[in-house]
Amino acid sequence: MEESKEAGEILGESSESKIPTYNDITNDPEMEGLTLYEKKALLVNRELDSHGMGKYQWYIFFLCGMGYFIDLLYAQAFGLVAPAMQQELGFSTAAQGDLFSSFNAGLCAGAFVWGVLVDIIGRQYAFNLTVLITSIFGLCLGAPSNYSGILVLAAFVGFGVGGNIPIDTTITLEFLPQNRRFLLALLSIFQPLGVVVSSGIAYGFVPKYACGTGGLGADGELLQACSKVATGQPCCDKASNMGWRYLLFTIGAICLFVFFLRFVVFHFQESPKFLLYRGKDEKAVKVLESVAKFNGRQSTVTMAMLEALTDEDSSVGSEGTGRPILGAGSSQLQKTFGEKVKLEFARYKLLFVNPTLTRLTILIWITYMFDYWGFSIAGSLLPQILLNKGREIEVSTATTYRNYVIIYICGIPGVLAGALMYGVPLVGRQLGMIVSSALMGASLFIFSAINTQASNVGINIMEYFFQSMFNAILYGWTPEAYPAPIRGTACGVASFWGRLFSIVSPKIGTVLLEKSTNGPLYLAGAGVFVCTICIALMPRKCMGGKSF
């Protein structure tokens with residue numbers, strides 16, 4: 001009785017009314033012109049808004065943040081271990097790009113597969129499986145003694161990691177109160193934390209357990225791989241070069257711990273918006289009840305409220321509204337397999353349902369392509385470039401690894417700046433992305449013209465600050481721009497295009513690196529400036545609207 005009373009009060013009814021009718025609900029002016037799915041999603045939004053940032057929401061925020069953490073934990077690790085790995089295994093600088101390309105190929109496949117699957121099988125399975133796959137193959141990554149085996153394992157690690165950002169942003173958005181969506185940008189704070197932790201572990205292991213002293217022999221010359229020198233000559237072998245392996249084993253163990261937290265310690269509830277779209281209204285109500293109980297309160301959404309909307313058979317909006325079809329709700333459950341397949345393809349068309357969404361989708365794709373182009377080169381090769389420039393001015397390997405930690409910790413205030421831009425009405429997201437991408441590109445060009453220890457560290461701090469700020473806003477805003485039925489797919493496909501470019505860019509970058517230290521910097525900076533242009537052309541009305 002108390003639950004019915006609360007539901008009635010939300011709808012503006014008297015406590016005498018037991019079952020709200022369709023007309024009672026649609027009298028609310030906020031529901032004017034919405035589709036059936038959006039009306040139900042609005043009730044979910046109101047329920048979650050009433051929770052504020054409850055205990056369940058904070059669990060979701062931190063556990064999804066760990067997905068971001070793992071993403072950069074590995075992305076940074078490969079850049080940090082590549083020089084030591086190359087020294088031991090003897091592959092060329094150009095072949096070094098194969099490591100980044102293999103990892104990025106896995107990321108590309110993972111982004112597409114998991115991004116699409118999360119809208120089909122649901123958020124719950126994807127939330128746990130991505131981290132499990134990453135931890136299994138990550139623990140094996142330091143074991144092989146040949147480069148080919150490492151490349152294969154790197155691709156599988158990438159497949160698991162690749163789904164994290166599209167899945168975790170989708171999940172976080174669908175449980176956050178509408179007035180706390182700045183936390184989507186703040187999720188990215190786990191990325192520089194991942195980079196700092198990865199760099200810190202590398203600082204502890206790689207220089208200490210490297211061939212000779214920091215990779216150098218007694219004569220101060222760089223030790224070569226044993227396959228490259230005559231028998232009996234000093235060389236870099238596996239036993240004396242375990243530092244990079246210790247780094248990868250440690251990161252694999254961290255991933256396994258995150259899986260334990262997600263799967264054993266915390267019970268993740270399926271997204272109620274996903275369940276509504278799939279016609280599972282009763283399960284959606286039960287999820288809201290479980291979340292409310294976890295937060296120490298009572299849910300106000302009942303089946304009676306949702307059933308009052310089922311006078312409509314589909315999710316089509318009112319005649320003449322031009323609202324897109326978002327699916328068929330409960331009628332999906334009675335469709336044949338062939339009809340369900342057709343419905344899935346119809347759902348993908350939502351990305352291009354009108355001129356505004358078509359423009360938005362294409363510009364988002366191009367932005368992700370060149371964003372990943374730029375930061376993949378930077379993330380993969382800046383450690384090597386910094387190491388090379390450091391050797392030119394006689395900076396030790398240990399000092400360079402220490403500098404990595406200093407540089408990457410400055411990504412944290414970059415993310416905070418991105419989250420702050422969410423609070424600027426109308427233009428905050430767009431202006432923040434334009435400014436940060438332009439300054440990120442500029443810093444890459446400036447780095448090519450300098451070489452002192454202080455300036456190298458300072459300009460790299462600038463680059464990573466604005467890279468973190470830009471990606472915080474971009475990753476947080478992308479799921480907001482699309483409704484829940486297509487949200488995971490939209491984020492996954494955008495990430496897929498980005499990851500696809502990140503396969504090619506490090507390969508080109510390493511070829512340029514053999515000829516010129518600054519070549520990769522020009523390549524990365526030019527790509528980032530393309531992002532600036534695309535963001536400036538984005539439709540402003542798609543920035544910061546209500547999410548369904």
Side-chain angles (χ1 to χ4, degrees), residues 68 71-72 75-76 79 100-101 103-104 107-108 110-112 115 158 161-162 164-166 168-169 184-185 187-188 191-192 194-195 360-382 408 411 414-415 417-418 421 429-445 462-481 490-509 520-538 542-543:
Y68 276 65
D71 190 308
L72 266 291
Q76 183 67 10
F100 309 122
S101 294
F103 178 59
N104 286 324
L107 291 173
C108 181
F112 184 82
V161 172
N164 281 335
I165 288 179
D168 293 334
T169 50
L184 289 170
L187 267 179
S188 292
Q191 290 187 309
V195 173
L360 176 73
T361 298
I362 291 172
L363 287 172
I364 284 177
W365 286 0
I366 297 172
T367 300
Y368 270 76
M369 288 174 189
F370 286 96
D371 177 40
Y372 279 68
W373 173 279
F375 80 66
S376 292
I377 295 173
S380 302
L381 301 182
L382 277 182
Y408 295 123
V415 172
M421 292 303 293
R429 293 159 173 80
Q430 193 167 25
L431 181 62
M433 286 190 282
I434 289 171
V435 171
S436 57
S437 59
L439 291 174
M440 174 186 168
S443 65
L444 288 165
F445 282 109
M462 175 181 168
E463 187 279 332
Y464 197 64
F465 176 91
F466 289 112
Q467 177 186 321
S468 300
M469 180 179 174
F470 177 70
N471 287 328
I473 303 173
L474 179 66
Y475 296 160
W477 163 72
T478 304
E480 287 185 329
C491 295
V493 173
S495 188
F496 161 78
W497 284 114
R499 301 295 191 185
L500 190 63
F501 269 53
S502 68
I503 297 171
V504 179
S505 58
K507 189 69 177 173
I508 299 172
L521 299 175
Y522 297 131
L523 190 68
V528 175
F529 281 126
V530 174
C531 297
T532 307
I533 296 168
C534 288
I535 296 299
L537 297 174
M538 295 276 185
C542 295
M543 300 282 173

**Asked** Applying the side-chain contact (heavy atoms from CB on, under 4.5 Å) test to Y475, which of L184, D371, L187, D168 qualifies?
**Response** D371
**Asked** So do the side chains of W497 and T367 get within less than 4.5 Å of each other, counting heavy atoms only?
**Response** no
**Prompt:** Under a 4.5 Å cut-off applied to non-hydrogen side-chain atoms, are F112 and L500 in contact?
**Reply:** no
From [X] [atom1] over to [Y] [atom2], what is the distance, rounded to the nearest 0.5 angstrom?
X    : Y    : atom1 : atom2 : answer
I503 : L107 : CD1   : CG    : 8.5 Å
C534 : I362 : SG    : CD1   : 10.5 Å
L439 : F465 : CG    : CZ    : 9.5 Å
Q467 : S443 : CD    : OG    : 9.0 Å
M440 : T532 : CE    : OG1   : 9.5 Å
L363 : I535 : CG    : CD1   : 8.0 Å

Are any side-chain N or O atoms of [X] and backbone N or O atoms of [Y], one a donor and one an acceptor, separated by less than 3.5 Å?
X    : Y    : answer
W365 : F496 : no
Q76  : G194 : no
T169 : G476 : no
Q191 : S468 : no
S495 : C491 : no

Specify the closest pair of heavy atoms between [X] and [Y], including all atoms of both residues, with the distance to one decimal.
X    : Y    : answer
G498 : Y372 : O-CB, 3.1 Å
W373 : G527 : CD1-CA, 3.9 Å
F370 : C531 : C-SG, 3.5 Å
M469 : M421 : CE-CG, 3.9 Å
G509 : P520 : O-CG, 3.4 Å
P192 : S188 : CD-O, 2.9 Å

**Prompt:** Which residues satisfy the salt bridge (Lys or Arg N to Asp or Glu O under 4.0 Å) test with D71, sequence neighbours excluded?
**Reply:** R499
**Item:** Trace of the side chain to side chain contact (heavy atoms under 4.5 Å, CB included) decision for I364 with W477
**Value:** CA-CA 11 Å; I364 284 177; W477 163 72; 3.7 Å; yes
**Request:** Please identify each residue that fulfils side chain to side chain donor-acceptor pair (under 3.5 Å) with T478, with sequence neighbours left out.
**Result:** Y368
